[in-house]
Amino acid sequence: MEKIITSDLRQHHPAWELAAQFSVSETSLKNYFRGVYGQNISIYLREVRMQRAAELLTTTNLSVSEIAEQVGYLNQSKFSSAFKKQFNASPLEFKRRKNLERNTSN
């Protein structure tokens, strides 16, 4: 299930759909996931999305809106808000900081 929900972050897989795919109840699926990963599916997925966004910000020249779309956010402001909550910096501030760190360590 983890591979399904993280293989293409642009795709959204509702828990009821995943439960049906694995022939278990939605509650059992959620409890199993929390037992294995220590957090609920949505929090886990948001953290994966934010880590991927941070990676894309520092390794590509993609725009913030392109990165937001690649990690499953259709609304750039919701993406920026989630990113800032995760990293205490807006996506552009994060990118500038990482570029400065890279340039001062060379």
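Just the heavy atoms: all of them, side chains too, but no hydrogens, waters or symmetry mates, feed the values below.
For the pair Arg49 (side chain) and Val71 (backbone), a donor-acceptor distance under 3.5 Å is present. Judged purely by atom type and a 3.5 angstrom limit, Ser81 has no side-chain atom pairing as donor or acceptor with the backbone of Ser77.
You'll find the side chain of Ser28 stays beyond 4.5 Å of the side chain of Phe22, heavy atoms only. Within the 4.5 Å cutoff, the side chain of Lys95 has heavy atoms near those of the Asn99 side chain. With contacts defined as side-chain heavy-atom distances shorter than 4.5 Å, the pair Phe79/Met50 qualifies. Residues Gln86 and Gln51 are in side-chain contact: their nearest non-hydrogen atoms beyond the backbone lie under 4.5 Å apart. Side chains of Met1 and Gln21 form no contact here, defined as non-hydrogen atoms less than 4.5 Å apart.
Val24 and Val36 fall within a single hydrophobic cluster, where Ile, Leu, Val, Met, Phe, Trp and Tyr are joined by side-chain heavy atoms under 4.5 Å apart, directly or via other members. Transitive grouping of hydrophobic side chains (ILVMFWY, heavy atoms separated by less than 4.5 Å) brings Leu92 and Leu57 into a common cluster.
Classification of Glu101 and Lys98 as a salt-bridged pair holds, one side-chain N sitting under 4.0 Å from a carboxylate O. Under a 4.0 Å N-O distance rule, the pair Lys30/Glu26 qualifies as a salt bridge.
With sequence neighbours left out, Leu62 forms a side chain to side chain contact (heavy atoms under 4.5 Å, CB included) with Leu56, Thr60, Glu66, Ile67, Gln70. Shown here are the side chain to side chain contact (heavy atoms under 4.5 Å, CB included) partners of His13, two or more places apart in sequence or in another chain: Ile4, Ile5, Gln11, Glu17, Leu18. Contacts of Arg34 classified as side chain to side chain contact (heavy atoms under 4.5 Å, CB included), with partners at least two apart in sequence or in another chain: Asn31, Asn40.
Environment of CG in Leu100: crowded, with over 12 heavy atoms of neighbouring residues, nucleotides or ligands closer than 6.0 Å.
Ring planes of Phe87 and Phe94: tilted class, angle from 30 to 60°. Ring orientation note: the planes of Tyr44 and Phe33 are nearly perpendicular, at an angle over 60° on the 30°/60° scale.
Here the shortest heavy-atom pairing between Leu29 and Ala19 reads CD2-N, 4.0 Å. Ala89 and Phe83 make their closest contact through O-CD2, 3.3 Å (heavy atoms, listed as atom of the first residue, atom of the second, distance).
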*asked:* Quick one, Arg96 with Glu93, criterion salt bridge (Lys or Arg N to Asp or Glu O under 4.0 Å). Give me CA distance, side-chain angles, the key distance, then yes/no.
replied: CA-CA 5 Å; Arg96 283 189 203 109; Glu93 291 168 337; over 6 Å; no
*Checking side-chain contact (heavy atoms from CB on, under 4.5 Å) for the pair Leu45/Leu9: CA distance, chi angles, key distance, verdict?*
CA-CA 8 Å; Leu45 196 51; Leu9 295 172; 4.0 Å; yes
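Side-chain contact annotation: Ser25 with Thr27, donor-acceptor N/O pair under 3.5 Å absent.
Checking Lys78, Lys84, Gln76 one by one against Ser80, the side-chain contact (heavy atoms from CB on, under 4.5 Å) holds for a single residue, Gln76.
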